[in-house]
Structures are given as structure tokens and as C-alpha cells.
Amino acid sequence: MEMESDLLLAHRLADLADELALGFFGRRPAARRKDDGSPVSEADLAVERAVLAVLVAERPGDAVLSEESGSTGAGARRRWILDPIDGTIPFLAGRRDWGTHVALEVDGELRVAVLSRPTEGTTWWAVKGRGAYARTRGEALSASRPLRVPAVSVPLAAARVGGFLMPGSPVEPLRDRMRWIDSSVCLVADLLEGRADGVVDEGGHVWDRAPAALLVREAGGHVDDLRGGSRLDARWLVYAADGIAGALTALVRDAAA
């Protein structure tokens, strides 16, 4: 019962964040550079404040890790992981590849995940042990459609792969060894819905990766940190369909060595 309540809360948080972010979208909100050089806008901060206020009121004993405000509640068994606007750069540029990330971790294990793309009106969600689903904005949760990462039986050269790569990435020269996806509104959703076969994530943060990792696993895909695990704080994560996961992970591992 508690997990059902947490799932509903996670959707409420994502819906709230989406609604607020859309109010700023296309209106050139004020922005500045953080110490690490990445941008933060008044929209990021307003969305985060609103989401945190709900959590403080409804889950006062839970810890939170959020991109802009960092960690609170150290030592709690339950931790919410938030990225109020994932993709601030495209958000500020008026592109569509941004959204909200919400995840709940209990005793170090991901239990609930919600990932959205507000401009598309779609939310992808998962609960550990219950599968992964997609919901259209305005639909009841019960109307969500189940997701399954399709198994593929093609050589890596024919696989559709995209990624989040750092400048000068060792994987960059290997892009022509696959059918590389150069542009996407949401690469993880492409994998979940059969439009991609793999995603390479270099240098992502925990709040970037938490919903994606649970979604892909619950949809039957593979998540690998190149060491046989799936640590969210590793330099690399590979999300992939059954059939190419081993070959793609090995290729990235060799490139990164």
C-alpha cells in the first residue's frame, strides 16, 4: 500500500514540475552559470522549490537528492532523487528534449521511477517488480500501456544506438560502427518503445540516471556500468536491448580502458 501511495506521489510531483516548467518554456527565463559551468535558470529553481515543498509536507522523514539543492536527510532509509528540469540547455534553447526526473530509492534500491517529456505530453514510469509503462497526459494511471524493450537479433553494426557523450569521448570515433542516433527527444524512451536498441551514457549524474535505470530494467532491458553492475555514480552506463547488450557493453568497455 505504501508503494502505491509513493507511486501516486511521484506522478503528482512530475505533473507539478511539468506544469510549472511549461509556464516558463519559450519565455527566456533568467539563467546563470553554476560553478561547474552548467546553466541553471529561474525555472529550474522555481520547479525545485515547488516539488520540495510537497515532499516536506507529505514525506517529512525522507531524504532528498536534487540537482540544484543537493542532499538533505542523510541516513534516512528512503531517498527521493529529483531533477526538476533535466536538460536545462535544450529547455532554454526552446527544444523539446527536456523533462522531469523523479525516483524513489529505499534502502539503496530503486523502487519507483517517473520520467517525462512535457512537450510530448508523455510520462514513462516503473515500479520495481511491476514493470514499466507509458502514460499520456490527462489519462488515468490505469490507462497506462505496458512497455517491453524488444529483443534484437542484429549485429552491432546494424543496431540503433544513441548516447550522451562528453567532449572528446573515446566512444565518439566508434559511432560509425553502429547506426548512431544523432537527435532524439528522449533516447531512453526510444529504447523503451523500440525505436533504439542501445544508449551509452558517459558522465551522467545520479539524478539523470535513476529513473532511466529502473525503467529499462523493468522493461526487460539491460543496464551495465562496464563492471557488471549498475552503479548510478559510475562514469559509464550502457542501457541496451537483449541481443546487443553484451557486444555494446564490451565495445564501450574496450574504448574506455
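By the 4.5 Å heavy-atom criterion applied to side chains, I181 and V161 are not counted as neighbours. For the pair V223 and L237, the minimum side-chain heavy-atom distance is below 4.5 Å. With a 4.5 Å cut-off on side-chain heavy atoms, V188 and V216 count as touching. Considering only heavy atoms from C-beta on, L7 comes within 4.5 Å of L141 through its side chain.
Counted within 6.0 Å of CG on D182, heavy atoms from surrounding residues, nucleotides or ligands total more than 12; the atom is thus considered enclosed. No more than 12 heavy atoms of other residues, nucleotides or ligands lie within 6.0 Å of CZ in R227, so this atom counts as exposed by the packing criterion. For E19, the CD atom counts as loosely surrounded, since its 6.0 Å shell holds 12 or fewer non-hydrogen atoms of other residues, nucleotides or ligands. Other residues, nucleotides and ligands contribute over 12 non-hydrogen atoms within 6.0 Å of the CZ atom of R175.
Electrostatic pairing of E109 and K128 counts as a salt bridge here, judged by a charged N lying under 4.0 Å from a carboxylate O. Between D97 and R95 there is a salt bridge, since a side-chain N of the basic residue sits under 4.0 Å from a carboxylate O of the acidic one. Using a cutoff of 4.0 Å between basic side-chain nitrogens and carboxylate oxygens, K34 and E68 are scored as salt-bridged. Between E202 and R235 there is a salt bridge, since at least one side-chain N of the basic residue sits less than 4.0 Å from a carboxylate O of the acidic one. With respect to the salt-bridge test (charged N to carboxylate O, under 4.0 angstrom), the residues E105 and R78 do not qualify. With respect to the salt-bridge test (charged N to carboxylate O, under 4.0 angstrom), the residues R231 and D225 do not qualify.
Under the 3.5 Å distance criterion, with hydrogens and angles disregarded, a donor-acceptor pair is assigned to the side chains of T88 and D44. Using a 3.5 Å distance cut-off with no hydrogens or angles, the side chains of W124 and E193 do pair a donor with an acceptor. Side-chain polar atoms of R32 and S41 form no donor-acceptor pair below 3.5 angstrom. Remark: the D18 side chain and the T100 side chain contain an N/O donor-acceptor pair separated by less than 3.5 Å. Side-chain contact of R59 with S5: a donor-acceptor pair under 3.5 Å is present, judged by distance alone. Judged purely by distance below 3.5 Å, without hydrogens or angles, the side chains of S66 and W207 never pair a donor atom with an acceptor atom.
Using a 4.5 Å cut-off between side-chain heavy atoms of Ile, Leu, Val, Met, Phe, Trp and Tyr, with links allowed through other members, W80 and L8 fall into the same hydrophobic cluster. Under a hydrophobic-cluster definition in which Ile, Leu, Val, Met, Phe, Trp and Tyr are linked whenever side-chain heavy atoms come within less than 4.5 Å, directly or via other members, V185 and V200 are assigned to different clusters. Connection of L22 to V51 is established within a shared hydrophobic cluster, with ILVMFWY side chains joined at heavy-atom distances below 4.5 Å, either directly or through further cluster members.
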Derivation and outcome, side chain to side chain contact (heavy atoms under 4.5 Å, CB included), residues D83 and D208: CA-CA 7 Å; D83 194 347; D208 300 318; 3.3 Å; yes

Verdict with supporting geometry, R130 and E4, salt bridge (charged side-chain N to carboxylate O under 4.0 Å, His left out): CA-CA 11 Å; R130 287 175 46 184; E4 193 67 26; 3.1 Å; yes

Side chain to side chain contact (heavy atoms under 4.5 Å, CB included) between L82 and E48, worked out: CA-CA 8 Å; L82 309 172; E48 184 178 72; 5.9 Å; no

Candidate pair D201 and W236, rule side chain to side chain contact (heavy atoms under 4.5 Å, CB included), full reasoning: CA-CA 6 Å; D201 181 350; W236 299 91; over 6 Å; no

From CA spacing to verdict: side chain to side chain contact (heavy atoms under 4.5 Å, CB included), M178, I244: CA-CA 11 Å; M178 300 160 264; I244 69 151; over 6 Å; no

Derivation and outcome, side-chain hydrogen bond (donor to acceptor under 3.5 Å, both in side chains), residues S184 and D190: CA-CA 8 Å; S184 170; D190 288 342; 2.5 Å; yes

Verdict with reasoning, R49 to S69, per side-chain hydrogen bond (donor to acceptor under 3.5 Å, both in side chains): CA-CA 9 Å; R49 282 195 300 270; S69 60; over 6 Å; no

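Although no hydrogens or angles enter the test, the distance criterion places a donor-acceptor pair under 3.5 Å between the side chain of T249 and the main chain of A245. Distance alone, capped at 3.5 Å, places no donor-acceptor pair between the R33 side chain and the V40 backbone. Between the side chain of R209 and the backbone N or O of L232, at least one donor-acceptor pair lies under 3.5 Å.
Pairing each heavy atom of A241 with each of V152, the nearest pair is CB-CG2, 4.3 Å. For the pair A17 and P84, the tightest heavy-atom approach, listed with the atom from each and the gap, is CB-O, 4.2 Å. Nearest heavy-atom pair across L214 and L110 is CD1-O, 3.9 Å. In terms of heavy atoms, A140 sits closest to R135 at O-CD, 4.1 Å. When every heavy atom of L16 is checked against every heavy atom of A50, the shortest pair comes out as CD2-O, 3.9 Å.
Checking F91, W98, F25 one by one against P118, the side-chain contact (heavy atoms from CB on, under 4.5 Å) holds for a single residue, W98.
Atom OG1 of T123 sits about 15.5 Å away from atom OH of Y133, to the nearest 0.5 Å. A distance of 10.5 Å separates CG in D6 from CD in E58, rounded to the nearest 0.5 Å. To the nearest 0.5 Å, the span separating CG on L156 from CG on L248 amounts to 6.0 Å. The CZ atom of R79 lies 14.0 Å from the CZ atom of R111; values are rounded to the nearest 0.5 Å.
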